[in-house]
Amino acid sequence: MIRDFEYFAPKTLNEALALLEKYQDECKVIAGGQSLLILMRQGLVAPEYVIDIKGISELDYIKSDAKEGLRIGALTTHRAIEKSAETRNGFSVLVEMEQRLASIQTRNWGTIGGNLCHGDPAGDPAPVLMALNATLSMTSVNGERTMPVEHFFLDYFETALEPTELLAEIRLPVTPAHTGVFYTKFNVIESDLATVGVAVSITLDTNDGICEDVRIALGASAPTPMRAKRAEEVLRGKKITDNLLTEAGQVASTEAEPISDIYASEEYRRELVKVLVARAGKEALARAKQA
Ligand SMILES: Cc1cc2nc3c(=O)[nH]c(=O)nc-3n(C[C@H](O)[C@H](O)[C@H](O)COP(=O)(O)OP(=O)(O)OC[C@H]3O[C@@H](n4cnc5c(N)ncnc54)[C@H](O)[C@@H]3O)c2cc1C
């Protein structure tokens with residue numbers, strides 16, 4: 001049963017930030033409630049005050065700019081990202097990721113910001129945003145701070161957000177030329193969280209097709225979404241072959257720190273990382289060659 005709480009529904013960002021400053025650890029922000037309400041119903045979270053930010057329209061937008069890239073307000077729903085022309089233009093991997101995230105009903109109401117702030121290591125957006133080199137903007141009454149998305153996740157369901165802060169915006173730089181990005185996940189139940197998720201971004205040198213840059217990000221493979229940096233080194237500066245991709249997968253599977261749960265054992269997850277890194281790498285490479 002959900003414990004009684006006092007409810008606020010601010011209509012502006014400033015009102016919400018003032019409430020957060022006032023109530024700090026005693027309050028909880030709610031956006032779509034798709035994750036928070038489950039925790040409240042289970043009694044795992046029992047705030048005195050709930051601040052409903054869903055009505056703050058100034059945090060609900062997708063804007064693209066040829067130089068700056070894409071900016072997504074934290075209250076943008078998964079479905080809006082999936083359907084947006086701005087996302088499709090240059091960031092279609094986000095669309096592909098969203099199409100496999102939950103059901104349409106959940107995507108219609110759940111927000112990208114809520115997904116990230118929940119800090120679930122199995123969430124789909126985080127690995128993709130890591131592969132796309134995203135930055136997060138957090139705001140409080142004291143102003144804004146930014147950080148790369150890969151620094152945001154501290155531990156299992158724990159993020160770098162301070163109790164007085166809101167996640168405001170996700171920023172994605174323009175994807176460099178000759179870059180291919182691919183996301184894949186393995187899940188037991190269709191439209192559910194990943195058993196393992198892998199995103200790979202590969203940038204090729206224009207002249208010789210050598211791998212100039214690579215980002216490999218894993219979901220559901222450690223207490224937090226993570227970069228597989230040793231696996232990236234297997235590919236960086238080389239002409240990528242199937243053998244190298246297999247090796248990168250093997251290295252990534254040793255970097256991962258997966259747990260065993262009802263969906264998969266630790267060993268099975270390592271095997272999934274191995275296979276999915278090679279597979280996603282192959283698809284990203286094919287896209288990079290055509291980009
Ligand atoms: C049936 C079901 C299936 C799902 N399947 C998937 C899946 O396949 N893949 C996947 O990735 N996810 C999945 N999810 C999770 C879903 O995507 C997230 O629950 C949802 O995106 C969270 O967004 P929300 O707006 O509902 O957040 P809420 O539940 O409102 O909030 C989640 C957390 O974030 C905090 N928060 C929210 N917004 C902000 C903000 N702007 N600033 C600071 N803190 C904030 C809240 O305080 C809370 O701690 C599933 C959920 C359900 C219910």
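Computed over heavy atoms, backbone and side chain alike; hydrogens, waters and symmetry mates excluded. As the structure lists them, so they are numbered: ligands from 1, and atoms in each ligand from 1. Computed from a predicted model, the values in this text were never measured in an experiment.
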Salt bridge check: are R100 and E98 linked by an N-O gap of less than 4.0 Å? no

Using heavy atoms and a strict 4.0 Å limit, residues surrounding ligand 1 turn out to be K28, V29, I30, A31, G32, G33, Q34, S35, L36, I53, A74, H78, L101, A102, T106, G110, T111, G114, N115, C117, H118, G123, D124, P125, L161, L166, L167, K185, D192, L193

Should the pair Y49 and Y23 be assigned to parallel (<30°), tilted (30 to 60°) or perpendicular (>60°) ring geometry? parallel

Report task. Would you check, one step at a time, whether the test side chain to side chain contact (heavy atoms under 4.5 Å, CB included) holds for R270 with Q250? Result -> CA-CA 9 Å; R270 283 194 196 280; Q250 270 157 355; over 6 Å; no

| said: side chain to side chain contact (heavy atoms under 4.5 Å, CB included) for Y263 and F186? Distances and angles first, verdict last. | reply: CA-CA 11 Å; Y263 299 110; F186 178 88; over 6 Å; no

Can E144 and S137 be counted as having a side-chain donor-acceptor contact under 3.5 angstrom? yes

ask   = NZ of K238: more than 12 outside heavy atoms within 6.0 angstrom?
value = yes

